[in-house]
Amino acid sequence: MPRRAVGSCAERLSTPTAFSGRRWRWRWPAARSWPGCCAPPASRSSRHGSASPGSSCSCPCWRPSCGCGGGAGSALRARAPARTGNRGDVVMAEEQALTKRSQDFSAWYNEVVLRAELADYSPVRGSMVIRPYGYGIWENMQRALDEMFKATGHQNAYFPLLIPQSFIAREAEHVEGFAKEMAIVTHTRLKAGPGGGLEPDPDSKLEEPLIVRPTSETIIYAMFAKWVQSYRDLPLLINQWANVVRWEMRTRLFLRTAEFLWQEGHTAHASEVEAEEEARRMLGVYRQFMDQWMAMPPLTGLKSESEKFPGAVRTYAVEALMQDNRGLQSGTTHMLGQNFSRQFDLKFQSESGVEEYAWNTSWGVSTRLVGGLVMTHGDDAGIVLPPNLAPIQVVIVPIYRGDDERAGVLEKAHWAANVLRAEQVRVHVDDRPTATPGAKYYDWERKGVPLRVEIGPRDVAKQQLMVVLRTEAAGLSRKEAMGEAVAVMTIPKRLGEYQRALFQAALRRREQNSHRGVTDYGAFREIIEGAGGFVYAGWCGGRDCEEKVKADTKATIRLLPLQEFRSSPAPTRCLVCGGQAQGEAVWARAY
RNA sequence: CGGGGCGUGGCGCAGCCCGGUAGCGCGCCUGCUUUGGGAGCAGGAGGUCCUCGGUUCAAAUCCGAGCGCCCCGACCA
């Protein structure tokens, strides 16, 4: 049984107050200045040819891991065995290093998620366990988003997990969209079967099967119908934090699992214009969240007809570009029109006394965002977390020889931790006696902690601290010895600068891998089948052209970009058929 | 749902072809020495070899069936 020491990790989850007030007006969380330019995080793989196994940790926030990343399946198993050499440390280094992103991005992703202890495979096919460190990131996301939802007038509520099958069936397009991936509850009891095992008791068969929600439009609008009589009851602005199940055949940690956590907002409005505004407003909220908290700048736009939510009139999306140049749909907002209100009799009496169907919207983001975070910022040493979402923003590593040095160093470490906590910084002192400082560096780098403070006897003597950022960041020195008083007082500012540097790096990477003005289909295929990235090109609006691209290249229309992202001049011809372009589309291979 | 791979201490693997005492590395426990980039030595704990059936004096190993997981495709947040 691994030891669970008590103690040192009383990190307070401070919430950087980013939200300045009413109606989604924002300022940058810790922003004072905004560096104009910034290089992408340089790969430091040469200096990090190795990485350490998770080892026991005195932090009560999560349990020590096994040495290799938990229930690793073949993601880890598949790796080449370490070369045996004369020097044990070479073997160890190779064994413990992550697969490099350039070698196999998807193996890297799996390993880094497992070994940073974000998640683990569960015994249930297609389902994962979100471990405390990964859940801590999600909690920080929830906290930020929830504040934004509240500030835009929404209230949280909770609706049932199980939905009558007939509800799902009511909206034709909606059923069709989800029918193939639903978990169905048909019985309420088990009994001993002939073989000695358990089987559903036939006597307990439900008259009407229940569906485990793949999304909650149907049950929520059925309830809205009870609650809304008059235009005075509108708008009705509700959000719920929940789990949903979509029976996927193929799964990937965080990106695609049978069950996932998300929030789903559902609103009812008196007019189409209002509903449209709401869908766009929440798209803006998602975008701001991704920019300011995740440092993962997305494009915003409209989904094509074939990619829109089943049952929606139109779907908007935020789409980010991952390091392997594939797109990640990170959130969607839907203008549902009156499609659901007609089916669920969600009517209200208007100001002029006429009975009308309400206009709905729905919008959601999920734990998929955690995967996006990993694929946006991670490097060959591990994940890289933006300070605003990092469960631990600063880790302090004490360095000492023998008991006499230990007391002084630890005292200084806790002093620094307390000063930082008073500044609302989430700090952890890694005082594990069993690991060497070097091992701790690797551990916390793999876990993406933004800033490390090293304190050794020499630092104590000189009243200084070594302050080390997780990655190179433009305009910020990665490693620096600073006077202790200055160090602790400037760390919050440094975290803010680092947050913005990560954003700039991600933005720059996205733009460097975006291709505009592509008119030739052959050139398009070369990009998609080569390095990948976002390709902006004209589209006639035809389903056939969309299908052809997908069949040829596996790329899809990620979105039809909103004004801000459109090219100038606008493309005039369809990339595929050469016909009159109806607009511009952004194409990419996607997750 | 199609194709592939793999099931052996917590994790990664070897052993299987050619049946005969279950092994290695990492991790874990104890002790001592260590600690400025993955510590060393000594001792120790830990295994229904996925399940069921068959062949055999004898099965991790051979044969049959089943189950599970992962990867690649089609579908999706």
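Any value given below was found using the heavy atoms of this structure, including those in side chains, with hydrogens, waters and symmetry copies removed. Order of the sequence lines sets the chain letters (A, B, ...), proteins ahead of strands, with each chain counted from 1. What you are looking at is a predicted structure, and each value in this text was computed from that prediction instead of being measured.
To the nearest whole angstrom, the two P atoms, one in B:A42 and one in B:G25, are 12 Å apart. Taking atom P on both nucleotides, B:C63 is separated from B:C6 by 15 Å, rounded to a whole Å. Taking the C1' atoms as reference points, B:C32 lies 35 Å from B:U8, given to the whole Å. Taking the C1' atoms as reference points, B:G20 lies 14 Å from B:C62, given to the whole Å. Across B:C17 and B:U61, the matching C1' atoms stand 9 Å from one another, rounded to whole Å. Look at the P atom in both B:G12 and B:A77: the space between them is 33 Å, to the nearest Å. For the C1' atoms, the distance from B:C16 to B:A60 is 7 Å, rounded to whole Å. Nucleotides B:G7 and B:G47 have their C1' atoms positioned 14 Å apart, rounded to a whole Å.
Residue-level contact check: A:L328 touches neither bases nor backbone, having no heavy atom under 4.0 Å from any strand. Looking at heavy-atom distances under 4.0 Å, A:T556 makes no contact with the nucleic acid at all. Using a 4.0 Å heavy-atom distance criterion, A:T332 is classed as making no nucleic acid contact. No engagement by A:F178 is indicated, since no non-hydrogen atom pair under 4.0 Å with the nucleic acid exists.
B:A74 atom C1' lies 19 Å from atom CH2 of A:W247, rounded to whole Å. As rounded to whole Å, 11 Å separates atom P of B:A77 from atom CD of A:E319. Between A:N110 atom CG and B:C6 atom P there is a gap of 19 Å when expressed in whole angstrom units. The separation between A:D403 atom CG and B:U34 atom C1' is 12 Å, rounded to whole Å. Distance A:I399 CD1 to B:G37 P: 8 Å, rounded to the nearest Å. Rounded to an integer number of Å, the gap from CZ of A:R213 to P of B:C76 is 22 Å. Atom OH in A:Y121 sits about 12 Å away from atom P in B:C69, given to the nearest Å. Taking atom CZ on A:R252 and atom P on B:C75, their separation rounds to 17 Å, with Å as the unit.
Using modelled atom types, no side-chain atom of A:K447 and backbone atom of A:I383 make a donor-acceptor pair closer than 3.5 Å. Using a distance-only test at 3.5 Å, with no hydrogens or angles considered, a donor-acceptor pair links the side chain of A:K440 to the main chain of A:R432. A:N110 places no side-chain N or O within donor-acceptor distance of the main-chain N or O of A:V113, the cut-off being under 3.5 Å.
Checking each of A:Y591, A:Y109, A:W108 against A:D324 for a side chain to side chain donor-acceptor pair (under 3.5 Å) leaves exactly one that passes, namely A:Y591.
Between A:W262 and A:R368, the closest side-chain pair of non-hydrogen atoms is not below 4.5 Å. When side chains are defined from C-beta on, A:N156 does not count as touching A:Q240, because their heavy atoms never get closer than 4.5 Å. With a 4.5 Å cut-off on side-chain heavy atoms, A:E264 and A:S362 do not count as touching. Taking the side chain as every heavy atom from C-beta outward, A:V395 and A:V453 never approach each other to under 4.5 Å.
Listed nucleotides B:A39, B:G73, B:G36 differ in distance to A:A439; the shortest reach to its side chain belongs to B:A39. The A:R478 side chain lies nearest to B:G37 when the options are B:A77, B:A74, B:G37. Distance from the side chain of A:K550 is smallest to B:C76 among B:A77, B:C76, B:G37. Here the nucleotide nearest the side chain of A:R246, chosen from B:A39, B:G73, B:C76, is B:C76. In the set B:C75, B:A77, B:A39, B:A77 carries the atom at the smallest distance from any side-chain atom of A:R368. For A:S106, counting side-chain heavy atoms from C-beta on, the closest listed nucleotide (B:C72, B:C76, B:U35) is B:C72. Nearest to the side chain of A:T436, among B:G36, B:G73, B:G37, sits B:G36.
Take the nearest nucleotide of RNA chain B for A:K479 and for A:E307: the residue whose nucleotide is more 5' is A:K479. Place A:R558 and A:S127 on RNA chain B by their nearest nucleotides, and A:S127 ends up nearer the 5' end.
Taking only side-chain nitrogens and oxygens, A:K303 never comes nearer than 4.0 Å to OP1 or OP2 of B:C76.
The nucleotide B:A22 finds no pairing partner, because no Watson-Crick or G-U wobble arrangement with both distances shorter than 3.5 Å includes it. Base pairing analysis places B:G68 opposite B:C6; the two distances defining the Watson-Crick or G-U wobble pair are each below 3.5 Å. Pairing partner, B:A39: B:U33, with both Watson-Crick or wobble hydrogen-bond distances short of 3.5 Å. In this entry B:C75 has no Watson-Crick or G-U wobble partner, no candidate having both defining distances under 3.5 Å. Base pairing of B:U55: no nucleotide in any strand meets the Watson-Crick or G-U wobble criterion (both distances under 3.5 Å). Using N1 to N3 plus N6-O4 or O6-N4 for Watson-Crick, or N1-O2 and O6-N3 for G-U wobble, each under 3.5 Å, B:G46 pairs with nothing.
Classification of the A:Y221-A:F340 ring pair by plane angle, with boundaries at 30° and 60°, yields tilted.
For the pair A:E139 and A:R143, the salt-bridge criterion is not met [side-chain N within less than 4.0 Å of a carboxylate O].
No side-chain N or O of A:W363 forms a donor-acceptor pair with one of A:N239 less than 3.5 Å apart.
Side-chain to base pairing of A:E445 with B:G37: one donor and one acceptor N or O lie within less than 3.5 Å of each other. Contact annotation: side chain of A:R256 to base of B:C76, donor-acceptor pair present below 3.5 Å.
Applying a 4.0 Å cut-off to non-hydrogen atoms, the residues of residues 453-464 of chain A that approach RNA chain B are A:E454, A:G456, A:P457, A:R458, A:D459, listed by residue number.
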